[in-house]
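Pasting a structure here, questions to come.
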Protein chains: 2
Amino acid sequence: MSDFLLDERLARDSDCLSKLGLCQLRLMKDSRWPWLVLVPQRSGVSEIFELTPLDQAVLTFEINTVAVALQKITGATKINVGALGNVVRQLHVHVIARKEGDPNWPGPVWGHGSAEPWDEAARQAFVDRLNGALA
Amino acid sequence: MSDFLLDERLARDSDCLSKLGLCQLRLMKDSRWPWLVLVPQRSGVSEIFELTPLDQAVLTFEINTVAVALQKITGATKINVGALGNVVRQLHVHVIARKEGDPNWPGPVWGHGSAEPWDEAARQAFVDRLNGALA
């Protein structure tokens with residue numbers, strides 16, 4: 001983990017909320033959807049299957065822990081989970097709360113329009129509720 | 001598993017190639033991308049976190065087994081893995097081989113244009129190679 005370096009685009013587009021056992025838990029700088037990203041703190045990995053079996057199991061656990069918390073605090077219709085990486089090759093997993101009528105529903109969030117910044121108070125309230133649900 | 005019923009839209013849009021330990025392995029009827037779908041044979045489940053912990057672990061194993069085989073036979077630049085379910089709520093996981101210049105690259109495949117049927121010989125050759133890589 002010592003040689004893990006976060007991709008510059010992930011660093012620019014999201015903020016680190018906390019560090020889980022394996023992953024950085026990050027919040028996208030885009031208020032259109034409650035949109036989290038998990039980044040395993042391993043170097044040189046772009047596909048989930050390149051992780052060790054133990055890391056794969058931990059990643060699954062962390063994805064689902066975060067997804068449950070996100071569903072709980074948002075009441076989302078559906079949680080979208082995706083590992084694409086066509087643009088940013090460093091392995092990262094999106095966990096997004098979706099509801100009917102949100103931007104591009106029922107299509108995917110990726111590649112749709114432009115990010116809209118969070119209102120700082122709304123962002124802090126969201127982070128507080130998320131941390132509460134994860135605690 | 002006895003009361004598992006495949007969603008009608010998944011049945012219409014994809015063909016079953018085989019049954020793994022947990023999932024049906026299905027091929028989308030869309031030749032634009034090598035596009036597989038894993039459907040856990042469990043009833044009433046729409047989120048990965050609704051599976052039992054054992055099923056979650058098996059799903060992770062089956063996703064990665066299929067992703068490795070798909071990467072091997074296609075030489076894909078990137079494997080895209082996603083569980084969205086905004087339209088079809090029955091839990092299903094997409095595993096898609098992507099390469100530079102393919103339709104909508106580097107954007108996602110979901111919601112882009114219309115499916116293009118496979119040429120039957122090309123489809124059979126693909127399935128044979130996939131089965132070989134999974135064997």
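Below, each value reflects all heavy atoms present in this structure, side chains not excepted, and no hydrogens, waters or symmetry copies.
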Sorted by first residue and then second, give each ring-ring contact (aromatic ring centres under 6.0 Å, His included) pair with at least one member in residues 38-69 of chain B; sequence neighbours left out.
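Those involving residues 38-69 of chain B do not exist here.
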
Gln71(B) portion near chain A, given a 4.5 angstrom heavy-atom threshold
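Side chain of Gln71(B) only, per the 4.5 Å heavy-atom cut-off to chain A.
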
Heavy-atom pairs under 4.5 Å with chain A, option from Glu47(B), Glu100(B), Glu50(B), Lys99(B) with the top count
Glu47(B)

Find the distance between OG1 (Thr60(B)) and CG (Leu51(A)) and round it off to the nearest 0.5 Å.
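That separation rounds to 11.0 Å.
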
Could you tell me whether Lys29(A) atom NZ has more than 12 heavy atoms of other residues or ligands within 6.0 Å of it?
yes

Check whether more than 12 heavy atoms from other residues, nucleotides or ligands sit under 6.0 Å from atom CD of Glu8(A), and answer yes or no.
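Counting other residues, nucleotides and ligands, CD of Glu8(A) stays at 12 neighbours or fewer.
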
Listing, residues 128-135 of chain B side-chain donor-acceptor contacts under 3.5 Å, not counting sequence neighbours, or none:
from: Asp128(B); atom 1: OD1; to: Gln124(B); atom 2: NE2; distance (Å): 3.0
from: Arg129(B); atom 1: NH1; to: Ile73(B); atom 2: O; distance (Å): 3.0
from: Asn131(B); atom 1: ND2; to: Val127(B); atom 2: O; distance (Å): 3.4

Got a sec, which residues hit ring pair (Phe, Tyr, Trp, His ring centres under 6.0 Å) with Phe126(A), two or more places apart in sequence or on another chain?
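For Phe126(A) the ring pair (Phe, Tyr, Trp, His ring centres under 6.0 Å) partners, ignoring immediate neighbours, are Trp118(A).
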
Quick one: which residues of residues 74-92 of chain A reach chain B at under 4.5 angstrom, heavy atoms only?
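Interface residues of residues 74-92 of chain A: Thr77(A), Lys78(A), Ile79(A), Asn80(A), Val81(A), Gly82(A), Ala83(A), Leu84(A), Gly85(A), Asn86(A), Val87(A), Arg89(A).
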
Say whether Trp105(A) and Trp33(A) are linked into one hydrophobic cluster, either directly or through other cluster members, by side-chain heavy-atom distances under 4.5 angstrom.
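No, separate clusters.
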
